2 protein chains.
Amino acid sequence: MNDKLSMTFSALADPTRRAILVRLTKGESNVTELAKPFLKKMSLPAITKHLKVLENAGLIVKTKEAQYRSCEINTKPLDEATLWMDQCREVWVESFDRLDDYLKKLQNTKTNRGKKYGKGKKR
Amino acid sequence: MNDKLSMTFSALADPTRRAILVRLTKGESNVTELAKPFLKKMSLPAITKHLKVLENAGLIVKTKEAQYRSCEINTKPLDEATLWMDQCREVWVESFDRLDDYLKKLQNTKTNRGKKYGKGKKR
DNA sequence: TTAATGTTTAACCTATTGGTTAATTAACCG
DNA sequence: CGGTTAATTAACCAATAGGTTAAACATTAA
């Protein structure tokens, strides 16, 4: 899992990490502050790891401030993810506007002894 | 990983599965057809598993047609994911419109012997 | 009925994930 | 300096993910 998009989605696939991100929309925060709501559920190192995942995905930026590590949200990866999803929502609609495509498919099926895929009658 | 959102993001966190989804935006297809572009890389059962993940996330719907399993994309989970992301993009902006919040924070720091989090001077 | 095609299941393997506790590093403060 | 607070690293563990091959199941076609 090396590509940007996979890392983004993977980072978002955990409720703790998502909660941290939402928390960060209300303003930057350091690790202990961020961890506070989760310390009944898990340890501080667990949070450190989650933050590392978010950081690797580019979803947060950490900056040193004295002993503290200030975390800030970075929404750019979200934009790319959204973009991909949008592309994915442009679904092919079976309509007579697309008669061309339909006829081409039909043509193909002749040579395909009974195979009814691609674009069969819906259900 | 039981919640809907986690399942959606997790399903999208794999390039093979994303490619399958994109493929399905061009129209429904059966398993062997879907698998075709990947069979140099992986086996058919691998694809079956990927499809199961997508199905569990509600991103595809499979319907029996004779021996075939016709897969159709369902973009509803994408909508929910996008909605979450949008919420996450509404970032708190440090501005003088929010002077109230700022002053409250400042008030708190008095009792907090030198702790500079929450909303410190940005960098 | 048998053969062929499409798809899934079973059993297994390895790497990764998400968590733990204990120890370590880093910076500040009295 | 020595203690306290902030955060990470190390070493470990169990569960899950993603892949494999071989076998099984389902439906059609001959």
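Fair warning: this is a prediction, and the values are worked out from it, not measured in the lab.
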Using whole Å, what does the distance between atom [atom2] of nucleotide [N] and atom [atom1] of [X] come to?
| X | N | atom1 | atom2 | value |
| --- | --- | --- | --- | --- |
| B/K41 | D/dG18 | NZ | P | 17 Å |
| A/F9 | C/dT17 | CZ | P | 17 Å |
| A/L39 | C/dT21 | CG | P | 12 Å |
| A/N30 | C/dA27 | CG | P | 16 Å |
| A/F38 | C/dG18 | CZ | P | 14 Å |
| B/D14 | D/dG19 | CG | C1' | 11 Å |
| B/M7 | C/dT17 | CE | C1' | 17 Å |
| A/E65 | D/dT5 | CD | C1' | 16 Å |

Side-chain N or O of B/H50 less than 4.0 angstrom from OP1 or OP2 on D/dG19? yes
Sub-3.5 Å donor-acceptor pair from the side chain of B/K4 to the main-chain atoms of B/E80, do we have one? no
Would a distance-only check, ignoring hydrogens and angles, find a side-chain to backbone donor-acceptor pair under 3.5 Å from A/N74 to A/G58? yes
Could you list the donor-acceptor pairs under 3.5 angstrom formed by side chains in residues 45-54 of chain B, with sequence neighbours left out?
unit_1: B/T48; atom_1: OG1; unit_2: B/L44; atom_2: O; d: 3.4
unit_1: B/H50; atom_1: ND1; unit_2: B/R17; atom_2: NH1; d: 3.1
unit_1: B/K52; atom_1: NZ; unit_2: B/E55; atom_2: OE1; d: 2.8

Which is more 5' along DNA chain D, the nucleotide nearest B/K64 or the one nearest B/A46? Just name the residue. B/A46
Protein-nucleotides 8-15 of chain D N/O pairs closer than 3.5 Å?
unit_1: D/dT8; atom_1: OP1; unit_2: A/K62; atom_2: NZ; d: 2.9
unit_1: D/dT8; atom_1: OP2; unit_2: A/T48; atom_2: OG1; d: 3.2

Is it true that A/R89 and A/D86 have a side-chain N and a carboxylate O under 4.0 angstrom from each other? yes
Is A/R69 close to A/N30 at the side-chain level, that is, under 4.5 Å between some pair of heavy atoms? no
Do B/F38 and B/I20 have side chains that approach each other closer than 4.5 Å (heavy atoms only, starting at C-beta)? yes
Could you pull out all residues at least two apart from B/D3 that satisfy side chain to side chain donor-acceptor pair (under 3.5 Å)? A/R18, B/S6
Comparing A/S10 with A/S43, nearest DNA chain C nucleotide closer to 5' gives the residue A/S10
